[in-house]
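Contents: one structure, followed by commentary.
Every chain is numbered from 1 and lettered A, B, ... according to where its sequence line falls, protein lines coming before strand lines. It should be emphasised that the depicted structure is a prediction, and the values quoted were computed from it without experimental measurement.
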Protein chains: 2
Amino acid sequence: MTTDVPQTRIQRKNREAIYGAALEVFSTEGFRGATLDQIAAAAGLSKPNLLYYFPSKEAIYTGLLSGLLETWLDPLRDIDPTGEPIEEMLGYLCRKLEMSRDFPRESRLFANEILRGAPHILDQIEGPLRTLVDEKSALLRGWAAAGRIAPLDPHHLIFSIWSTTQHYADFGAQVSGILGSEGEAHFKDAEDFLTILFRSALTPVNN
Amino acid sequence: MTTDVPQTRIQRKNREAIYGAALEVFSTEGFRGATLDQIAAAAGLSKPNLLYYFPSKEAIYTGLLSGLLETWLDPLRDIDPTGEPIEEMLGYLCRKLEMSRDFPRESRLFANEILRGAPHILDQIEGPLRTLVDEKSALLRGWAAAGRIAPLDPHHLIFSIWSTTQHYADFGAQVSGILGSEGEAHFKDAEDFLTILFRSALTPVNN
DNA sequence: CCCGAATTTGACCAAATGGTCAACATTCCC
DNA sequence: GGGAATGTTGACCATTTGGTCAAATTCGGG
């Protein structure tokens with residue numbers, strides 16, 4: 001197959017600007033709520049110019065989504081089968097929490113998509129993601145069988161790590177509204193709490 | 001102030017139908033994604049007839065939202081200060097999980113709203129909800145001080161219960177895509193897992 | 001059965017929005 | 001420096017959508 005990466009330098013620059021603008025707009029407005037004019041303005045381009053680089057609004061959205069999905073799953077991939085189990089899992093937890101703090105737009109973009117039934121990435125979920133999760137689940141089951149972690153359902157364990165960490169990005173408005181202080185102040189407290197929560201559950205019973 | 005409840009029986013019936021249709025449409029399409037025609041069709045009314053009962057799309061949305069917020073928080077209110085702490089919290093957990101199973105549309109509706117910064121209910125969050133959460137947090141702190149539960153941050157404990165349970169409604173597409181089987185099959189496993197997770201964290205250390 | 005109030009709707013409107021196109025500007029490379 | 005390829009845009013279009021309105025229909029009580 002032929003190469004399909006952007007050739008010219010100006011093409012690469014504008015495509016980058018469009019993806020950045022699209023991330024900003026889609027993550028706060030959702031797919032249907034976002035408009036091409038908003039994205040064009042955020043990217044510093046005219047609307048027809050947008051459509052010179054992408055054939056449609058949907059093409060921008062799906063391109064952005066699939067491009068980000070890769071890096072979004074890196075922390076899960078990075079769980080080291082040869083590492084110390086509990087520290088590996090707590091490390092994964094912390095990396096996910098950092099992503100909620102540092103990349104909340106990406107988190108909200110995915111949340112939005114999945115909320116609506118994941119129409120654009122369902123095949124990615126049922127394919128590569130499922131495979132990856134199943135692989136890590138097998139790893140967790142092995143650790144449990146060896147008595148190195150408590151025998152928890154690995155799938156639901158992963159879900160609970162996803163949900164508790166992404167909560168601070170996706171539901172940030174609620175968190176801030178309840179805790180009061182704006183910004184990223186609660187992430188330290190969240191890390192402390194979640195570390196305790198999962199460490200106590202992962203530690204095998206040997207008392 | 002005068003009474004503002006619907007007088008005639010036909011008014012009550014149609015308002016009910018509209019709220020039901022609006023819940024269905026708003027929860028799957030989001031506020032901007034939903035159209036009056038969709039809602040009208042789902043309610044079995046014509047669009048002008050819709051607007052005879054509600055002045056605008058936004059009025060339907062906010063009316064629905066604030067009406068549901070009440071019952072949505074009932075489980076939290078029901079935590080009994082005189083009960084056995086750990087069983088009270090695990091009972092709350094189960095009730096929240098049941099709500100994700102039985103009322104996923106309501107859960108997604110709120111998730112959508114909060115994802116976008118909670119523009120329509122931020123005052124409800126910063127007011128009554130915050131007050132309620134603070135009250136229950138004080139209760140949890142009291143229980144911790146008495147050594148009846150582990151000394152966890154009560155706010156983040158509540159957040160983690162919300163996020164883990166609502167995950168099965170809001171991210172149901174992802175859960176189903178990874179676990180395979182459709183429907184509500186995973187709720188039993190989820191309950192088992194979450195009960196273990198939170199019981200192990202809530203149980204005070206006295207080994 | 002009849003009248004006023006309540007309810008319903010077809011036709012319509014203005015604004016927003018995704019997308020097109022021909023013309024204009026710029027860049028690249030020989 | 002010039003011509004082809006690349007990049008940019010103002011003007012425009014069709015459709016969708018929230019909302020209006022006057023006319024028509026139904027309802028409820030005396």
Side-chain angles (χ1 to χ4, degrees), chain A residues 2-65 109 112-113 116 119-120, chain B residues 2-65 109 112-113 116 119-120:
Chain A
T2 62
T3 167
D4 54 1
V5 288
Q7 279 87 349
T8 88
R9 139 191 60 111
I10 183 169
Q11 230 170 68
R12 205 163 353 238
K13 182 196 66 167
N14 279 344
R15 273 199 156 84
E16 208 52 44
I18 292 170
Y19 274 138
L23 172 60
E24 179 67 29
V25 177
F26 279 133
S27 68
T28 61
E29 308 284 345
F31 177 72
R32 292 216 44 186
T35 74
L36 288 180
D37 293 276
Q38 279 178 299
I39 298 174
L45 299 173
S46 66
K47 182 167 64 170
N49 204 11
L50 255 200
L51 295 163
Y52 172 73
Y53 290 99
F54 291 87
S56 69
K57 180 183 177 182
E58 185 145 355
I60 303 176
Y61 184 72
T62 57
L64 177 65
L65 219 47
L109 186 76
N112 236 305
E113 168 69 9
R116 278 175 185 59
H120 299 89
Chain B
T2 61
T3 168
D4 54 2
V5 288
Q7 279 88 348
T8 88
R9 139 189 62 109
I10 182 168
Q11 228 168 71
R12 203 163 352 238
K13 182 196 67 164
N14 279 344
R15 273 200 155 83
E16 209 52 43
I18 291 170
Y19 275 137
L23 173 60
E24 180 67 27
V25 177
F26 280 133
S27 68
T28 59
E29 308 284 346
F31 177 71
R32 291 216 44 186
T35 75
L36 288 181
D37 294 276
Q38 279 178 300
I39 299 174
L45 300 173
S46 66
K47 181 167 64 169
N49 204 10
L50 255 202
L51 295 163
Y52 172 75
Y53 290 99
F54 291 88
S56 68
K57 180 183 177 182
E58 185 145 356
I60 303 176
Y61 184 71
T62 58
L64 177 66
L65 219 48
L109 186 77
N112 236 305
E113 168 71 9
R116 280 177 184 56
H120 299 90

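Nearest-nucleotide mapping onto DNA chain D: of B/G33 and A/G44, the residue sitting toward the 5' end is A/G44. When each of B/R32 and A/N14 is assigned the nucleotide of DNA chain D bearing its nearest heavy atom, the one mapping closer to the 5' terminus is A/N14. For B/P48 and A/L51, each mapped to the nucleotide of DNA chain C holding its nearest heavy atom, the one lying further toward the 5' end belongs to B/P48.
Look at CG on B/D37: it is 14 Å from C1' on C/dG10, rounded to the nearest Å. Here C/dT17 presents its P atom at 9 Å from NZ of A/K47, a figure rounded to the nearest Å. At whole-Å resolution of the value, CG in A/L36 and P in C/dA15 are 21 Å apart.
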Decide side-chain contact (heavy atoms from CB on, under 4.5 Å) for A/T35 and A/V25; before the verdict, give the C-alpha distance in whole Å, the side-chain angles of both, and the deciding distance to 0.1 Å.
-> CA-CA 8 Å; A/T35 74; A/V25 177; over 6 Å; no
Report the C-alpha distance between B/Y19 and B/F26 in whole Å, list the side-chain angles of each, state the deciding distance to 0.1 Å, and finish with yes or no for ring pair (Phe, Tyr, Trp, His ring centres under 6.0 Å).
-> CA-CA 10 Å; B/Y19 275 137; B/F26 280 133; 10.0 Å; no
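For the atom pair CD1 of B/I60 and CG of B/L50, the computed distance is 5.0 Å after rounding to the nearest 0.5 Å. Remark: B/D37 CG to B/K47 NZ distance equals 4.5 Å, nearest 0.5 Å. Interatomic distance, A/F54 CZ to A/N49 CG, rounded to the nearest 0.5 Å: 11.5 Å.
For A/R9 and C/dT27, the shortest distance from a side-chain N or O to OP1 or OP2 is not below 4.0 Å. Distances shown here put a side-chain N or O of B/Q11 below 4.0 Å from the OP1 or OP2 atom of C/dT7. In this model, the phosphate group of C/dT8 is not approached by any side-chain N or O of B/Y52 to a distance below 4.0 Å at OP1 or OP2.
In terms of heavy atoms, A/S27 sits closest to A/L23 at OG-O, 2.7 Å.
Among the heavy atoms of the strands lying under 4.0 Å from A/I10 are primed sugar atoms or P, OP1, OP2 only; no base atom is included. Within the 4.0 angstrom heavy-atom criterion, only backbone atoms of the sugar-phosphate kind lie near A/A34; the bases stay farther away. A/F54 comes within 4.0 angstrom of no nucleic acid atom, judged by non-hydrogen atoms across all strands.
Cation-pi check for B/R32 over A/F31 is not met; the charged atom does not lie both under 6.0 angstrom from the ring centroid and within 45 degrees of its normal.
Think of the region where chain A sits on DNA chain D: with heavy atoms and a 4.0 Å cut, that region ends 5' and 3' at D/dT6 to D/dT17.
Out of C/dA6, C/dT27, C/dT17, the shortest distance to the side chain of A/T35 is found at C/dT17.
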